[in-house]
Amino acid sequence: MSLAPKNKSWKPSAQLSELRLRADVLNNIRAFFAARHVLEVETPLMCSTSVTDPFIESIPASYQSHPHQATVTYYLQTSPEYAMKRLLAADSGSIFQLCKSFRQGEQGRLHNPEFTMLEWYRIGFDHLQLMHEVDELLQLILRTQSADRITYQELFFHHLNLDAFTASLDDLRACAKANNLNTHDDINDRDTWLNLLLTHCIEPKLGPERPCMIYDFPASQSALARINADGKTAARFEVYYHGMELANGFHELQNADEQRRRFELNNKKREAEHLKQMPIDELFLQSLANGFPDCAGVALGVDRLVMLAAGKNCIQDVISFDISRV
């Protein structure tokens with residue numbers, strides 16, 4: 001006889017009315033892409049590699065192909081990005097996916113370790129064109145007004161009177177202190193300071209009435225985006241609404257050698273932070289080297305999208321069973 005874990009409820013964390021709304025949102029997303037002839041795909045949620053990003057931790061999964069064989073470590077995917085890009089390199093054309101993604105340490109009002117992501121890629125788009133399509137989707141689902149657009153540099157000038165591209169470490173520390181952001185003064189990485197200032201001092205003020213799209217991030221924060229012609233900015237954007245991040249998109253990098261260099265740099269940063277170094281996805285790099293199409297892609301948090309559509313303040317209110325009930 002099995003016993004239910006103590007302090008856990010069998011009941012759903014969301015009301016049925018919110019789950020019906022969630023179903024409507026998913027149907028509307030699929031209709032949005034069907035009207036644009038974008039193919040829906042599915043890719044594996046468990047893979048032998050995962051992201052090297054030092055700010056994202058993957059959840060390992062043990063696998064045995066046979067009871068008497070050694071256990072192999074796989075990873076639950078933090079997003080379907082690498083596998084979808086392999087499809088793009090195989091001439092899939094524009095694609096989208098609605099799927100579960102998984103990340104360590106993601107628990108709170110806006111986080112759950114298992115969450116739903118919408119990711120899509122548009123052949124022949126740059127990041128500015130994709131921003132427009134994201135805006136169209138938000139207007140459909142959330143009935144929003146057209147989004148505001150502002151560059152990363154303009155954003156920091158506007159909210160903190162700071163030039164994010166030229167500010168010294170001392171300038172960044174002083175700005176954090178002036179805005180009552182309590183951190184360790186021994187942080188010596190500019191991007192860490194910029195991320196802290198963005199998430200703690202700027203993000204809560206973004207998009208109170210309409211979505212806000214920030215674009216042209218510093219080149220040092222390019223992730224998987226290409227670098228713009230100015231050499232200083234990355235063709236990357238993020239979308240915020242009601243003080244929270246909804247989406248992150250790129251004009252996608254096509255250079256396999258540059259992508260490998262970034263993965264290796266990430267692992268060096270992980271080592272410096274005493275984090276486990278992650279295996280590099282060689283299959284993904286092979287797909288880039290084989291000939292990757294000119295495209296832009298974006299990942300959007302569906303649980304947050306439904307939360308906004310439902311007028312809720314916590315994503316647990318729109319998930320059938322959050323981590324506390326499984």
[X] atom [atom1]: more than 12 heavy-atom contacts under 6.0 Å:
{"X": "Gln69", "atom1": "CD", "result": "yes"}
{"X": "Asn161", "atom1": "CG", "result": "no"}
{"X": "Glu40", "atom1": "CD", "result": "yes"}
{"X": "Asn182", "atom1": "CG", "result": "no"}
{"X": "Glu42", "atom1": "CD", "result": "no"}
{"X": "Glu273", "atom1": "CD", "result": "no"}
{"X": "Lys177", "atom1": "NZ", "result": "no"}
{"X": "Asn7", "atom1": "CG", "result": "no"}

same_hphob_cluster([X], [Y]) at 4.5 Å side-chain heavy-atom cutoff:
{"X": "Met131", "Y": "Leu142", "result": "yes"}
{"X": "Phe32", "Y": "Leu300", "result": "yes"}
{"X": "Leu181", "Y": "Leu155", "result": "yes"}
{"X": "Leu110", "Y": "Phe115", "result": "no"}
{"X": "Phe250", "Y": "Leu194", "result": "no"}

Given 3.5 Å as the limit, does a donor-acceptor pair link the side chain of [X] with the main chain of [Y], or not?
{"X": "Lys8", "Y": "Ser324", "answer": "no"}
{"X": "Asp191", "Y": "Asp189", "answer": "no"}
{"X": "His200", "Y": "Leu196", "answer": "yes"}
{"X": "Arg122", "Y": "Val38", "answer": "no"}
{"X": "Arg236", "Y": "Gln221", "answer": "yes"}
{"X": "Trp193", "Y": "Ile187", "answer": "yes"}
{"X": "Glu18", "Y": "Val318", "answer": "no"}
{"X": "Gln316", "Y": "Gly108", "answer": "yes"}

Is a donor from one side chain sitting under 3.5 angstrom from an acceptor on the other, for [X] and [Y]?
{"X": "Thr151", "Y": "Asp216", "result": "no"}
{"X": "Asn313", "Y": "Arg109", "result": "no"}
{"X": "Thr49", "Y": "Asp281", "result": "yes"}
{"X": "Thr52", "Y": "Asn267", "result": "no"}
{"X": "Arg190", "Y": "Ser220", "result": "no"}
{"X": "Arg22", "Y": "Thr116", "result": "yes"}

Less than 4.0 Å between a side-chain N and a carboxylate O, is that true for [Y] and [X]?
{"X": "Arg270", "Y": "Glu57", "value": "yes"}
{"X": "Glu271", "Y": "Lys268", "value": "no"}
{"X": "Asp126", "Y": "Arg226", "value": "no"}

Taking the side chain as everything from C-beta on, heavy atoms only, tell me whether [X] gets closer than 4.5 Å to [Y].
{"X": "Pro12", "Y": "Phe321", "value": "yes"}
{"X": "Leu26", "Y": "Val306", "value": "no"}
{"X": "Leu98", "Y": "Phe33", "value": "no"}
{"X": "Leu162", "Y": "Leu197", "value": "yes"}
{"X": "Ile214", "Y": "Glu154", "value": "no"}
{"X": "Leu140", "Y": "Ile29", "value": "no"}
{"X": "Val298", "Y": "Phe125", "value": "no"}
{"X": "Met84", "Y": "Trp120", "value": "no"}

Yes or no on side-chain hydrogen bond (donor to acceptor under 3.5 Å, both in side chains) for Ser168 and Asp170, after CA distance, side-chain angles and deciding distance? CA-CA 5 Å; Ser168 67; Asp170 286 340; 5.1 Å; no

Could you measure the distance from the [atom1] atom of [X] to the [atom2] atom of [Y]? Nearest 0.5 Å is fine.
{"X": "Tyr121", "Y": "Glu252", "atom1": "OH", "atom2": "CD", "answer": "5.0 Å"}
{"X": "Leu305", "Y": "Met117", "atom1": "CG", "atom2": "CE", "answer": "13.0 Å"}
{"X": "Gln77", "Y": "Ser50", "atom1": "CD", "atom2": "OG", "answer": "5.0 Å"}
{"X": "Trp10", "Y": "Arg325", "atom1": "CH2", "atom2": "CZ", "answer": "10.0 Å"}
{"X": "Glu119", "Y": "Cys99", "atom1": "CD", "atom2": "SG", "answer": "7.5 Å"}
{"X": "Thr233", "Y": "Asn228", "atom1": "OG1", "atom2": "CG", "answer": "3.5 Å"}

Check [X] against [Y] and note the closest heavy-atom contact, atom names and distance.
{"X": "Leu288", "Y": "Leu253", "result": "CD2-O, 4.0 Å"}
{"X": "Leu275", "Y": "Pro54", "result": "CD1-O, 3.6 Å"}
{"X": "Thr78", "Y": "Ser58", "result": "CG2-OG, 3.6 Å"}
{"X": "Ile123", "Y": "Gly93", "result": "CG1-C, 3.7 Å"}
{"X": "Ile319", "Y": "Leu19", "result": "C-CD2, 4.4 Å"}
{"X": "Tyr75", "Y": "Lys276", "result": "OH-NZ, 2.9 Å"}

Angle between ring planes, Phe165 versus Tyr152, binned at 30° and 60°: parallel, tilted or perpendicular? perpendicular

Could you go step by step and tell me if Gln259 and Asn255 meet the side-chain hydrogen bond (donor to acceptor under 3.5 Å, both in side chains) rule? CA-CA 6 Å; Gln259 189 60 73; Asn255 188 307; over 6 Å; no

Strictly under 6.0 Å, is that where the ring centroids of Tyr82 and Phe263 end up? yes

Sole residue of Glu245, His242, His111 in side chain to side chain donor-acceptor pair (under 3.5 Å) with Arg304: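 Option passing the side chain to side chain donor-acceptor pair (under 3.5 Å) with Arg304: His111.
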
